[in-house]
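What follows is a single structure, written as structure tokens, with notes after it.
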Amino acid sequence: SVTNAYNSGDITADGSLIVISAAGFAGGIVGTGIDGTTSSISNCYNTGAVTANVGGYVGGINGHNTGTISDCYNTGKIYAKKYYAGGITGSEYKTGTIFDCYNTGAITADGSTVYGTTIYSYVGGIAGALLGLPASITNAYNTGTITGAAMTGGIVGGDMGGTISKVYNTGKIISSNSRAGGISGYNATTGAVISSALYATTDASGNSINQNLGNNKVGTGVTYADLLKTSTYTANGWTVDSSTGTVGGIDTVGVKASTW
């Protein structure tokens, strides 16, 4: 377990990759957590750039999550040449869970992953992908710009089986691929469960964003101005903490929760 840690230095992984199973891992705090439910990262943050110039699993906190990440945030730029890139973790496997986390850094994946004859990459504001139930993301938000060549989403690039709840995204999604969305770029036909998920359709200046993203329409699109209103959250399944004034454990747009 890792707790109360931070990184402000830039991290670059330049190792070569042969197949996806041999891909490298890069994260602002740790490269990967591999011990399932026994591994945890809490009260940590990263402000440095994390870069994988060849490809791999790349995240602001860790590259690949199989345990618990809580009360963590990333403000650094994240870049993967291909495969998985996320503000908190590159990918999250079945036993993984993320809660009370946020990202403000720009996330980019401009390459592709090859599964048989199908080419994909995954890039998201919190995780590049959820890779099977009961993986979950709860009480999380993204404000960074997300740029991808394939599966591109404000919270996850692809939900291949996992639960996403009480999340919002105000970051701009940039993708020429039809598999892009304000919350998730792609959802599996079974196992992907998304609720109480909001994304901005305008930026803080009122300019239109995230309105013509392709075919993944999960979540509810609202204006940036509406995302500043508590009523928007309560109308979409959140509850207000009367002692702190926060909504479902997270404050409104761009404001760090008082408990973090």
Side-chain angles (χ1 to χ4, degrees), residues 2-4 29 33 37 39-46 59-62 65-75 86-89 91-105 107 124-130 133-144 146 153-157 159 161-171 181-184 192-200 218-222 224 226-260:
V2 179
T3 188
N4 298 329
I29 301 300
T37 56
S39 67
S40 65
I41 303 172
S42 62
N43 295 310
C44 296
Y45 68 88
N46 172 65
I61 300 301
N62 78 350
N65 181 44
T66 61
T68 298
I69 301 176
S70 62
D71 299 297
C72 293
Y73 68 90
N74 172 68
T75 64
I88 299 300
T89 187
S91 64
E92 179 168 280
Y93 192 58
K94 295 178 179 179
T95 54
T97 183
I98 294 171
F99 63 90
D100 292 352
C101 292
Y102 71 90
N103 171 69
T104 65
I107 316 296
I126 299 299
L130 297 184
L133 289 167
S136 66
I137 297 174
T138 308
N139 287 0
Y141 68 85
N142 170 68
T143 64
I146 312 299
I155 299 299
V156 298
D159 186 346
T163 300
I164 300 171
S165 179
K166 295 181 173 61
V167 298
Y168 68 80
N169 168 56
T170 65
I183 298 297
S184 174
V193 180
I194 299 177
S195 63
S196 299
L198 302 170
Y199 65 91
V218 298
T220 301
V222 297
Y224 187 95
D226 282 337
L227 279 172
L228 295 173
K229 301 173 182 177
T230 300
S231 59
T232 301
Y233 297 86
T234 55
N236 286 276
W238 274 268
T239 56
V240 178
D241 185 333
S242 59
S243 64
T244 64
T246 61
V247 183
I250 56 177
D251 273 331
T252 51
V253 178
V255 181
K256 184 177 172 184
S258 59
T259 56
W260 296 349

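Keep in mind it's a predicted model, so treat the numbers as computed, not measured. Start at 1 with the first residue, then count along the sequence.
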Does the pair Thr68 and Phe99 meet the rule for a side chain to side chain contact (heavy atoms under 4.5 Å, CB included), with working shown? CA-CA 8 Å; Thr68 298; Phe99 63 90; 3.7 Å; yes
Mind checking whether Tyr168 and Tyr233 have parallel, tilted or perpendicular rings, split at 30° and 60°? perpendicular
Does a donor on one side chain and an acceptor on the other come within less than 3.5 Å for Thr3 and Ser42? yes
Looking only at side-chain N and O atoms, does Asn62 offer a donor or acceptor that is under 3.5 Å from a partner on Thr89? yes
Could you tell me how the ring of Tyr73 sits relative to the ring of Tyr102: parallel (under 30°), tilted (30 to 60°) or perpendicular (over 60°)? parallel
Nearest heavy atoms of Pro134 and Lys94, plus distance in Å: CD-O, 3.2 Å
Can you name the nearest heavy-atom pair linking Asn139 to Val167, along with the distance? N-CG1, 4.5 Å
Can you list the residues that meet the ring pair (Phe, Tyr, Trp, His ring centres under 6.0 Å) rule with Tyr93, with sequence neighbours excluded? none
In terms of heavy-atom contacts, Gly125 and Ile146 come closest through CA-CD1, 3.6 Å
Please report the closest heavy-atom contact between Leu227 and Thr232, naming both atoms and the distance. N-OG1, 4.5 Å
Show, in sequence, the C-alpha distance, side-chain angles and deciding distance for Ile98 and Asn65, and conclude whether the side chain to side chain contact (heavy atoms under 4.5 Å, CB included) test is met. CA-CA 9 Å; Ile98 294 171; Asn65 181 44; 4.0 Å; yes
Which atoms form the tightest heavy-atom contact between Ile137 and Ala127, and what is the distance? CD1-CB, 4.1 Å
If I take atom CG from residue Asn142 and atom CD1 from residue Ile126, how far apart are they, to the nearest 0.5 angstrom? 6.0 Å
Tell me whether Asp100 contacts the main-chain N or O of Ser70 through its side chain, where contact means a donor paired with an acceptor under 3.5 Å. no
Residue set satisfying side-chain hydrogen bond (donor to acceptor under 3.5 Å, both in side chains) with Asn46, at least two apart, ordered chain then number -> Asn7, Asn74
What are the two closest heavy atoms between Ala135 and Gly161, and how far apart are they? CB-O, 4.3 Å
